[in-house]
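I'd like to ask you about the structure that follows.
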Amino acid sequence: MSHPGSRARFEPSWMALWLAVAALIALAASCAEDSVAPPCDDGLTPCGGACFDTQADPEHCGGCEGVCASGTRCEAGVCVGGGGGGAGGEPCASGLAACSGGCVDLATDAAHCGRCGQECAAEQRCEGGACRCASGLTECGGGCVDVESDPLHCGTCEARCPLHETCVEGACVCDEGFAVCGGRCVDLAVDPAHCGACGAACAPGLFCREGACACAAGDYEDIGSTVPRRLMGTTVGGETYFPLACMGVGSTQFVYRFTAEEAGRYKFDTAGSSYDTAIGVLDFDACEELACNDDRGGAVTGSTSAALEEGQSVLLVVSGYDGAQGDFALHLDRMAPPACPLDTLATALPLSITGDTWGLGDAVSTGCGSIDTSDASYSFTAPRAGRYIFDTSGSTFDTVLELRKGSCSGAVISCNDNESAMGAKTSRLVANLAEGQTVVAVVDGIDGGSGPFRLNVSEYVPPPCPEFTLGTTFPQRVTGTTAILDRVSALRAPCTSDSGPEATYAFTAPATALYTFDTFGSSFNTVLHVHKGTCSGESVACNDDTSGRQSQVKVMLREGETVSVVVDSYAAVASGPFTLNVNQTFVLPCPLLELGSTAPQTVTGTTADAADVLRPSCGSGAGEVTYRFTAPAAGTYIVDTLGSSFDTALSVLDGSCSGAELACNDDAPGSEQSRLTLELAEGQTIVLLVDGSAAGASGDFTLNIARFSGGGTCSTAIDLGPVVPQLVTGSTAEQPESFRPSCGFSSNAPDMIYRFTAPEDGLYIFDTFGSSFDTILQVLKESCTGTSLGCNDDTDGLQSRVALGLDADQSVLVVVDGLGSSSGDYVLQVDRFTGPGTCETAIHLGSPLSLTRTGTTRGQPDAVRPKCVSAASVSSPETVFTYTAPIRGTYIIDTIGSSFNTVLHVHTGGCGGTEKQCNDDLTSSQASKVQIELLPNQTITVVVDGYNGASGDFTLKITKL
């Protein structure tokens, strides 16, 4: 493998190894010399593990090594005798000894020093029969050494030179390249306590390398400062130098030295490596771990960054996770300074731009991404109001996408990571923007991930409505789905409070008939609605849940008529696959049956298989059966479905099936059946619809028609004449409901109607005080279709009271009705009010500057309503006064001290004039108070009234401020 840069290696000294081996050899020799031989008898010498007499044994003569020559003998430790001694076999001369076939001087012969065979060492000579050291050598430990140069015996036998020292002229001196520090020789190139100089110790964790403290103890490759660059290598067969904080079990490593040419943030990653890598960044001088990463951005490769100063060196350690090793790629570059936005996007849509976040700065911390991650940001301004889509489809790494309002520091609109519809690692956002609104789109990464990206921007264009055409075919079944990316509700279903995305179809009727549309077989809770013509046309039908969660509508269409059919959902989040079925239904004639003019009569039938052609105002989409009836005589007719088997609705149309609805009822009092009261002229024709009260309600029914023979209806009002006072009693229990009052709430309550004629001009009072149920009282002008002259519910408890002015001979209808569906015994009183304190008979208070007047509103009429009280409140009786100001000034009028909840109102020009002041309830009080500016001799009308039906004793005060 080839790597750029220089190669350096820390080489340990071999001196210590040499000394250790020498020590082991000396120790072995010492052990051999000191080995214990077996014990010998006196006069015997141990030799080679046996005992010998060295005085007489020719093999050990004079010593263990003394061997006598052939033919000689050993006497007194000396070889003597035999066939000869010297050359020619002659005996040795005096002073010589025969050794090894020759005569030698045992006193000087180095080969036979002192005895035959005892040889002196090379550095010794034989003197006086003993081996002695040569000149210049000294005996030390049984050997001859030069104490001037021997490092083991330097100067003396006991003086031994330490490691890294040499013996020179009998003194220990430091080896070449070593210096004396603290009394010992050290290698300044590698000694961590004296690195480069004595006392220059390296910090803990650092090594001394080439006289400088450094982090690396083993091999590294110096790659200089060039960026960007991409390096290839392998950790197979490498060593493990550094423990990295981001790893599990340590793996083999490859180390680079990198030096920053200029200050900035640098990024390093191992993308493209063949195994699960990790990368660490260590400061070269301090060995501090600056950064470390394993598995960033959703990949098994590492990616990290570090801020470096100019000239700062770091070690880049490429390793593997949990023992993994293999071929790697190392990519390094200087990151750009953080910038936001990088650019501005065009407004011509759709658009797609590409870029690369590798090497970019971390300008924005996205809400759903991670810190310390490069990002790219773009400003975009919406060309028009609409729905805009931003996504990173086509990017190569695990992206994050965020939108911010206005600028990079603006509020976050939304943030997304891993949009499932687009793929596991790309992101997607949809935002509704106003025309001219600016947003910043930020492309970021997860957990440090970066790389080539694609940013796509498009504008959501809603589909046309209707989107599809069904033509004129029936029956037909179409399938589809509303679960379409970005599809939102564009058309609200009329019969639900909310709806989701929809699918729309145009259908044209091939013939005039009843057509059925349903969503049976769909996968979600559907709603079905039909509109005339286009989707914006009038809604003609809407249904939710006809069969389970599915829907069905039936629509009567003319030949060639086109409608828009909308498959919708019950809730905004509901969507999915659907089935739409289209069928034509046989349409029965309308009316179905002719009842003639017989009354009373009863008919029976069933709506089980009936078509839903007509929709009564009080029913809801069930099939109906229709009948025609002609009134034999003028009068009141009662039509009901009492005795039917289901919850019916009953409707009456004027003249024909296309006529106006005259009346409709669902649920007569105390019943699920229906009941109507009709005022018909002789020969008048009506169409009766027997329908269901709700979609799906159908079954067997009974239809009853009868003419009401009693009085007290709109057409047979009971005449009270002009008599006053008068009191009449009766019961509404068996009466029909002839009229619906305009006040209170009457739901199918029966009523009794009287006619009264005023005997003279005056104020007349009608009340139901003393009745047994909750009454409503209404007075009509001339007939039931006439103008309402007065209506009241609950003046005195549950009873009612109406006061109104009538002209002489004026005729009115008085309707005694019930609240809700209540009925029972009633009391009706009619009288002419002649007392003072009415609008016509106001009590004049004169012109004093200060006055107090007491009185009561009990029994008084209710002729005028104050404006400062809600129109929904019950009217109350009042007492009317007039007052004339004596001088100009501010006048205060109040009802403080009254016994009930009063209302005070002041008018100019009488009760029907302008209301100048009105007050209900002073602070923390039920009394009332007004303040008014008056001119001299100005007359005002002062009305003491009550709140919501209240009446009682009052105190009226007028003072000048």
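All figures in this text were calculated on a predicted structure; none of them were measured in a lab.
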Do other residues, nucleotides or ligands put more than 12 heavy atoms under 6.0 Å from Arg858 CZ?
-> yes
How long is the span from the CD1 atom in Ile686 to the OG atom in Ser656, to the nearest 0.5 Å?
-> 12.5 Å
Tyr891 and side-chain contact (heavy atoms from CB on, under 4.5 Å): which partner among Leu849, Ile940, Thr959?
-> Leu849
Under the salt bridge (Lys or Arg N to Asp or Glu O under 4.0 Å) rule, what do Glu915 and Lys867 come out as? Steps first, then yes or no, please.
-> CA-CA 8 Å; Glu915 184 182 275; Lys867 292 182 179 179; 5.5 Å; no
Side chains of Arg888 and Leu934: does their closest heavy-atom pair fall under 4.5 Å?
-> no
Would you call Asp667 and Arg675 a salt bridge, using N to O less than 4.0 angstrom?
-> no
Side chain to side chain, Gln778 and Asp817, heavy atoms closer than 4.5 Å = no
Has the side chain of Gln726 got a donor or acceptor atom that lies under 3.5 Å from a matching backbone atom of Leu720?
-> yes
Might you point out which heavy atoms bring Asp761 and Ala808 nearest each other, and give the distance in Å?
-> OD1-N, 2.5 Å
Inter-residue atom distance Ile753.CD1 - Leu813.CG, 0.5 Å rounding = 6.5 Å
Can you check whether Phe701's main-chain N or O pairs, donor with acceptor, with Ser644's side chain at less than 3.5 Å?
-> no
Taking atom types as modelled, is there a side-chain donor on Thr496 or Asp544 under 3.5 Å from an acceptor on the other?
-> no
Check for a donor-acceptor pair, side chain of Ser876 on one end and backbone N or O of Gly949 on the other, with a separation under 3.5 Å.
-> yes
Check: Leu688 and Leu703 side chains under 4.5 Å, non-hydrogen atoms = yes
Considering non-hydrogen atoms only, spot the tightest contact between Pro616 and Asp691 and give its length.
-> CD-OD2, 3.0 Å
d(Thr641 OG1, Leu650 CG) to nearest 0.5 Å is 6.0 Å
When rounded to the nearest 0.5 angstrom, what distance separates OG in Ser771 from CG in Leu828?
-> 8.0 Å
Would you call Phe708 and Tyr637 a side-chain contact if the rule is heavy atoms closer than 4.5 Å?
-> no
Would you kindly say whether Ser693 and Asp647 are connected by a side-chain donor-acceptor distance under 3.5 Å?
-> yes
d(Leu845 CG, Tyr883 OH) to nearest 0.5 Å is 8.5 Å
His529 and Ser539: side-chain donor and acceptor closer than 3.5 Å?
-> no
If we ignore angles and hydrogens, is there a donor and acceptor under 3.5 Å between the side chains of Thr902 and Gln926?
-> no
Answer whether the closest heavy-atom distance between the side chains of Pro632 and Phe629 falls below 4.5 Å.
-> yes
Main-chain N/O of Thr856 paired to Thr879 side chain as donor or acceptor, under 3.5 Å = yes
Glu734, CD atom: more than 12 neighbouring heavy atoms under 6.0 Å | no
Would you confirm whether Gln601, through its side chain, and Leu595, through its main-chain N or O, come within 3.5 Å as a donor-acceptor pair?
-> yes
Could you tell me whether a side-chain N or O of Thr702 sits under 3.5 Å from a main-chain N or O of Leu642, the two making a donor and an acceptor?
-> no
Working for side chain to side chain contact (heavy atoms under 4.5 Å, CB included), residues Leu904 and Val942 | CA-CA 7 Å; Leu904 189 62; Val942 180; 3.9 Å; yes
Under 3.5 Å, side chain of Arg801 to main-chain N/O of Phe769, donor-acceptor pair present?
-> no
For Glu878 and Thr857, what are the C-alpha separation, side-chain angles and deciding distance, and is it a side chain to side chain donor-acceptor pair (under 3.5 Å)?
-> CA-CA 5 Å; Glu878 72 270 338; Thr857 61; over 6 Å; no
Between Cys590 and Leu614, does a side chain to side chain contact (heavy atoms under 4.5 Å, CB included) hold up when you go through it step by step?
-> CA-CA 10 Å; Cys590 184; Leu614 302 174; 3.9 Å; yes
Thr713 and Ser738: side chain donor to acceptor below 3.5 Å = no
Side chains of Thr648 and Ser674: donor-acceptor distance under 3.5 Å anywhere?
-> yes
Between Thr757 and Gln810, is there a donor-acceptor pair closer than 3.5 Å when you use the side chain of the first and the backbone of the second?
-> no
Which heavy atom of Pro759 sits nearest a heavy atom of Val724, and at what distance?
-> CG-CG2, 3.9 Å
Would you call Ile893 and Val906 a side-chain contact if the rule is heavy atoms closer than 4.5 Å?
-> yes
Compare all side-chain heavy atoms of Val815 with those of Met752 and state whether any distance is below 4.5 angstrom.
-> no
Can you check side chain to side chain contact (heavy atoms under 4.5 Å, CB included) on Ile892 and Ile958, steps first, answer last?
-> CA-CA 6 Å; Ile892 298 175; Ile958 301 178; over 6 Å; no
So, for Thr630 and Gly683, which heavy atoms are closest and what is the spacing to 0.1 Å?
-> CG2-O, 3.5 Å
What distance do Asp640 atom CG and Gln673 atom CD have between them, rounded to the nearest 0.5 Å?
-> 9.0 Å
For the pair Leu806 and Val812, evaluate side chain to side chain contact (heavy atoms under 4.5 Å, CB included) and give the outcome as yes or no after the intermediate values.
-> CA-CA 9 Å; Leu806 297 177; Val812 294; 4.0 Å; yes
For Gly712 and Gln735 the tightest heavy-atom approach is O-NE2, 3.6 Å
Between Ser951 and Gln860, does a side chain to side chain donor-acceptor pair (under 3.5 Å) hold up when you go through it step by step?
-> CA-CA 9 Å; Ser951 63; Gln860 289 292 115; over 6 Å; no
Is the centre of the Phe900 ring less than 6.0 Å from the centre of the Tyr947 ring?
-> no
Least distance between heavy atoms, Ser788 atom then Leu780 atom = CA-CD2, 3.9 Å
How about Thr636 and Ser715: does a side-chain donor come under 3.5 Å of a side-chain acceptor?
-> yes
Answer yes or no: is there a donor N or O on one side and an acceptor on the other, between the side chain of Ser800 and the main chain of Asn792, under 3.5 Å?
-> yes
Under the 3.5 angstrom rule, does the side chain of Ser645 hit a backbone N or O of Gly699 as a donor-acceptor pair?
-> no
Can you find a heavy atom in the side chain of Cys714 that is under 4.5 Å from one in the side chain of Ser783?
-> no
